[in-house]
Every structure is written in C-alpha cells, then in structure tokens.
Amino acid sequence: MDKGDERPTPEFKPCTETPAYRQWLRDSGRAPERLCVEAQRLGLYCRYAGVGLWDMSVVEADPLNPDNVFFWSESFRRLLGFETEEEFPNRLESWSSRLHPADKARTLQAFHKHLLDRSNLTPYDLKYRLKCRDGHYRWFRATGDTQRDVGGHPIRVVGSLIDIHESTLNQHAAQQAEILKELNRFHDAAARLATANARLRIDRMEEGLNECLGILGNFLDADRAYLFSNNLVERYWSNTHEWCAPGVNGYIDELQHVPFDCAPGMVDGFQQGEPFIVTSLDNLPPDKGTFRKFLEMQGIRSVILHPLLTDGELLGFVGFDDIEEERDFSSTERAMLSLAAENFAATLARQQHYQHVQQAKAELEIVNQRLREALEEVQRLARTDPLTGLSNRRWMQECLANEAARRLRTPSPLSIIIMDVDHFKKINDQFGHNVGDKVLRRLADTLKDTVRCNDVVARWGGEEFMVMAADTDRQEALKLAERLRGEVARLRVPPLRRITISLGLAEAGPGEDLNQLIVRADRALYKAKAEGRNQTVFAELS
C-alpha cells in the first residue's frame, strides 16, 4: 500500500467530534491516526456502495433519554438527498419524521423492541419507506446492532441503511408480471385518463370523473362504480359521483351523510391504505350486520372499495360492486383499482386545492368588503354630526381647506353663510332640550333639502350652521341665504309657533385667509341678530 492511500480524501470528513466517535476511540483502543484512515475508507466505501451508517449513544442506558446522541453519516444523508448536517441534523426526529405514515408505527415499534430486549435476541432488520428531500418516498432496508452492558441495557446502537427502492419495485414487478400483462389495456386507458384529467379545466372536473368511472366500470364488468368523500370531523361518507351499467338503479341521492358506524373499522383500514373487499355477504362478520343490511338495500352481492389517499390524508374511496352474482375480485382487478385510486386521489386533491383556494379568496373578499364598509362607516362617523346627520365642523374645515387649495390653482368665487336659530336658548328653557333637538334636526333636514348639489352644509356648533357655496359670488349667495331663511320660516315644529334664523354672509376676497373669511361671516351674523334677527347681513371687505 503506498502512502497515497493514507492521505485523507477531501470529499470525506469523518465526524471526529461526535460523542459516539470519541466513545468508539476509547472502546477500540486504536490510534486516532489509524482510525481516521479507516474511517475515510469506510466513508468512501459507504458512499459509493450506497450504504448509509447511523450511530446512537444511549445515555444512562435509557433508550428514551432526550440526551441520547445520534449521528447520521454523510452517505446516510445523501441517500435521502441531503448534503449537510444543517439540512439533516443529528437528531432522531430527522429520521423518524420522514417515515411513511403506513410504516411509521411498525418501524418505531421494531426499533424499541430491539433496544429493550436485554437478551439481544430480537434483531433489527426491516424495510420501510422514507421521504426524500424531493418529497418522494423510497424503500430502504435498515439493520442495526446494540452494544449492551452486563445487565443487558443498551449503551450504543449502530446500523446501516441501504436503498432497495429499485429492487423492491423490480421484485414486486416480477411477482406481478402476469397480472401486469392483463393490465396493459387498462394502463393505456388510465394514462389517457390521467393526462386528460391533468389538462382538464376545473369547471369540467365533474365530467372527467364520471367518464373515468364509466371506463373503469366497463373494464371491471361492474354494475356500479362510484366515488365517496368523507368528513373526518363529523364522521360520515357522502356519494359524490356514480356510474351505473344499463338497467341498474343508482343510489347517489340516498347515500349522503352515511355514518362511519355503518361499517365499523372500515375508515381505520382506509387510513392505513387497506382496501375493503366483500366477495359474499355471508362472509361478513357479525359486528358488520348493519353494513350487511346497507349493502342488501342496494342489492349488492359483492363489492370492492379502495381508499383515496394523498400525502397520507384520506379523501374518500372509490368502489365497484356487482348485483348479479358473488365474485372474488382477481388480483388484476384489485391492482387496477389501486392504480385507479391513485389517479382519482390526485384529481380530487387538485380539485380540493382549487376549491380551498377559491373559498379562501371568497372569504378574504368578504372580510375585505366588511373592512371597507367598516372603514367607510368610521369615516362617515368621523365627519358626521350624530344629532342632525349633517357634516360636522371638522369635515367642513377640511372642505374649506380643499377649496382654498383649489382656488390657488384656479381662482373662482367662494361664499360662506353662517346662521343660527333665533332665541334657541329660550326654546330649550321653555320647552326642554328634546324640543330643542327636534328643532335642530328639522332645521338640518330643511337646509339639506334647500342647498344646491355642490354646496356643503354642516353643523358648525350648538345651534349654528354653515354653508360653503363654491363658485358662488355675492349675488348668488344672497339669493341662497334668503331662500334658506324663507324655507325655515315656513317650518313648523310643535309646540313652537314659528322658527326663524339669522344669517351672516361673506364672499372671499382675493388671497383672503379662510379664517379671516369665517370671522367676517361670523361678525355679519352677530350684526343680523343685533339688528332684530330673522335677516341676512352681508359682510363687506374692509
């Protein structure tokens, strides 16, 4: 062996800092340099032989101790498509969380059984599926052995993982060679249907599903073919699609919200990927007496049901039945149904996803609409006087500011009218605030009905009101003020005999500040009240 063989290969870095590795050094008594070379060779072998190594140091001989240290080799990670420890940390969950739902329970049970067998007679050697980084499951064979103390308690567990996906599939293919020959016709049809469904628009999904049921029903020489969806929360089935051979009655309307209790244990088997097959009603066990009556009601003599699973989630099942004779469904028919179930599951998952997206969009739109309405209501309340329903002082100030900005760009006339109810305090004192509030509401309605569409009317405060008349000069503003005064004078609010208002009017001068404009109109109002009330006074520019 030349010295070149002794140099570390840059592509493999032994994990010399793990507790498991340090323990191995102590146990073996080997020189670190020699062990480093051996580890490199072992790593290279594992990498190119497709073998992944794993190692667990058991703390205090407790296999469930959370401080147990796991080590996944570089080749182990690469079998699953990972490159670094950051992507696939040295923790038990990195492996256990990727077990296929149908394999997880038995795999963990076998691992625990091996660890807890102090006699070390229970081997750890089994096959299971793991989800790779690309999201697909592959078959692996896992083996392991445990180092134990004198009491048989586990100290350290080491093992290997080998990718057997292709060999498993090939073995299965060999065993099913004769069956697959019989399925060639179905495979062609299934491929066409799968392609058609993949390209099918969501709004034509129902048509595609019914077509699939018809083709498969004819292939199986079945009397009925159907799809059921399930509600795992409320625990019931519902028939969603049905195909019937000529002359055979359908039952889709009757088969809605069928409780799980009708067929005890069936949903549990479905969730494990197990089909439900009845070759003869006489073969049903006593605890399924209710289910037997359910099948007899439909005239069924034999039936095969297959679960629809996607990513471990049960969507429902597809079924075929025969009402003319009892039959033992062949392996070809069962295999065909399994393949069909995969197609149906993929199609239904696509449809379900679309429906969820559409529902989420609709719900979001409803929420957004409610938010818009709530915002509009908040904005309306923020600018509305609660007693009269007119705009409030704050909104009038914003309107005046906007109008002032507009006049800077495009000079145009602007007039404002400030008015208040004559002797309003006397009305409150003599008849009460309820009457006073009624006067203000009726006055507000009158003002709103009398002003022009471009005018803005607001409650300015107390019994005072303001009208902003844009693009309105002195003459037009005086006409509007007198029209308002006349309409109010005709207003009747029992028990009052008459209501009058006094008005102050001002037209904005060139470049005049709005606050000064309001002051002039307010002074004109006080002058109208001082000169006898129930009149309009125009504020001249000084």
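Between the side chains of Ser229 and Ser238, no donor-acceptor pair of N or O atoms lies under 3.5 Å.
The shortest heavy-atom contact between Ala102 and Arg129 is CB-NH2, 3.7 Å. Between Cys244 and Gly250, the shortest heavy-atom distance links the atoms SG-CA, 3.6 Å. Nearest heavy-atom pair across Arg98 and Cys132 is NH2-O, 3.0 Å. Arg301 approaches Glu326 most closely through the heavy-atom pair O-CG, 4.0 Å. When all heavy atoms of Ile155 and Asp149 are compared, the pair lying nearest together is CD1-N, 3.4 Å. Heavy-atom minimum distance, Gly319 versus Leu305: CA-CD2, 3.7 Å.
Counting heavy atoms of neighbouring residues, nucleotides and ligands inside a 6.0 Å radius, atom NE2 of His112 exceeds 12 of them. Remark: Glu398 CD is packed, more than 12 non-hydrogen atoms of other residues, nucleotides or ligands lying under 6.0 Å away. For Arg380, the CZ atom sits in a packed shell: over 12 heavy atoms of surrounding residues, nucleotides or ligands are nearer than 6.0 Å. Atom CG of Asn368 has more than 12 neighbouring heavy atoms from other residues, nucleotides or ligands inside a 6.0 Å radius. By the neighbour-count criterion of 12 heavy atoms within 6.0 Å, atom CZ of Arg106 is densely surrounded, having more than that number from other residues, nucleotides or ligands. Open room surrounds CD on Glu324; 12 or fewer heavy atoms of other groups in view lie less than 6.0 Å from it.
Asp117 has no carboxylate O lying under 4.0 Å from a charged side-chain N of Arg148, or vice versa, which leaves the two without a salt bridge. Ion pairing between Arg138 and Glu166 holds under the 4.0 Å rule for side-chain N and carboxylate O. Between Arg141 and Asp125 there is a salt bridge, with a side-chain nitrogen of the basic residue lying less than 4.0 Å from a carboxylate oxygen of the acidic one. A salt bridge links Asp282 with Arg292: the closest approach of a Lys/Arg side-chain nitrogen to an acidic carboxylate oxygen falls below 4.0 angstrom.
In this view, Asp223 satisfies the side chain to side chain donor-acceptor pair (under 3.5 Å) rule with no residue, not counting sequence neighbours.
At a threshold of 4.5 Å between non-hydrogen side-chain atoms, the residues Met56 and Phe70 count as touching. Annotation: side chain of Arg224 is in contact with side chain of Ile300 (closest heavy-atom distance under 4.5 Å). Proximity of Asp103 to Leu130: side-chain heavy atoms (C-beta onward) are nowhere separated by under 4.5 Å. When side chains are defined from C-beta on, Leu108 does not count as touching Tyr128, because their heavy atoms never get closer than 4.5 Å. Looking only at side-chain heavy atoms (C-beta outward), Leu53 and Val158 stay at 4.5 Å or farther from each other. Put simply, the side chain of Arg383 does not reach to within 4.5 Å of the side chain of Arg394, judged on heavy atoms.
To the nearest 0.5 Å, the span separating CD on Gln298 from CD on Glu254 amounts to 8.5 Å. If you take CG on Asp321 and OH on Tyr251, they are separated by 10.0 Å, rounding to the nearest 0.5 Å. Taking CZ of Arg156 as the reference point, atom CG of Asp55 lies at 4.0 Å (rounded to 0.5 Å). Atom NE2 in His136 sits 10.5 Å away from atom NZ in Lys131 (nearest 0.5 Å). Residue Arg77 holds its CZ atom at 15.5 Å from CH2 of Trp95, rounded to the nearest 0.5 Å. Note: Cys212 SG to Leu227 CG = 9.0 Å, rounded to the nearest 0.5 Å.
Proximity of a side-chain donor or acceptor of Ser94 to a complementary backbone N or O of Phe88 within less than 3.5 Å is not detected. A side-chain donor-acceptor contact under 3.5 Å links Asn230 to the backbone of Leu314. Between the side chain of Trp72 and the backbone N or O of Arg91 there is at least one donor-acceptor pair closer than 3.5 Å.
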Chi angles and distances behind the salt bridge (Lys or Arg N to Asp or Glu O under 4.0 Å) call for Asp163, Arg78: CA-CA 11 Å; Asp163 188 329; Arg78 287 182 173 175; over 6 Å; no
Test Leu115 against Val157 for side-chain contact (heavy atoms from CB on, under 4.5 Å), laying out the working first. CA-CA 8 Å; Leu115 285 177; Val157 189; 3.2 Å; yes
Is there a side-chain contact (heavy atoms from CB on, under 4.5 Å) between Asp145 and Asn120 once you walk through the steps? CA-CA 9 Å; Asp145 200 2; Asn120 211 26; 3.9 Å; yes
Begin from the C-alpha positions of Phe228 and Asn239 and carry the test side-chain contact (heavy atoms from CB on, under 4.5 Å) through to its verdict. CA-CA 4 Å; Phe228 276 71; Asn239 192 179; 3.6 Å; yes
Using the side-chain contact (heavy atoms from CB on, under 4.5 Å) rule, take Phe344 and Leu216 through it: C-alpha gap first, then chi angles, then the decisive distance, then the call. CA-CA 11 Å; Phe344 280 123; Leu216 297 171; 3.5 Å; yes
May I have the step-by-step check of side-chain hydrogen bond (donor to acceptor under 3.5 Å, both in side chains) for Gln369 and Arg372, ending in yes or no? CA-CA 5 Å; Gln369 179 61 30; Arg372 287 192 293 269; 2.7 Å; yes
Donor-acceptor pairs under 3.5 Å, side chain of residues 262-279 to any protein atom, not counting sequence neighbours: which ones?
residue: Thr279; atom: OG1; partner: Asn283; partner atom: ND2; Å: 3.1

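Note on ring orientation: taking the six-membered ring where Trp is involved, the planes of Trp54 and Tyr124 are perpendicular (angle over 60°, cut-offs 30° and 60°).
Each of Tyr226, Phe294, Phe317 was evaluated against Trp237; a single residue qualifies, Phe317, per the ring pair (Phe, Tyr, Trp, His ring centres under 6.0 Å) test.
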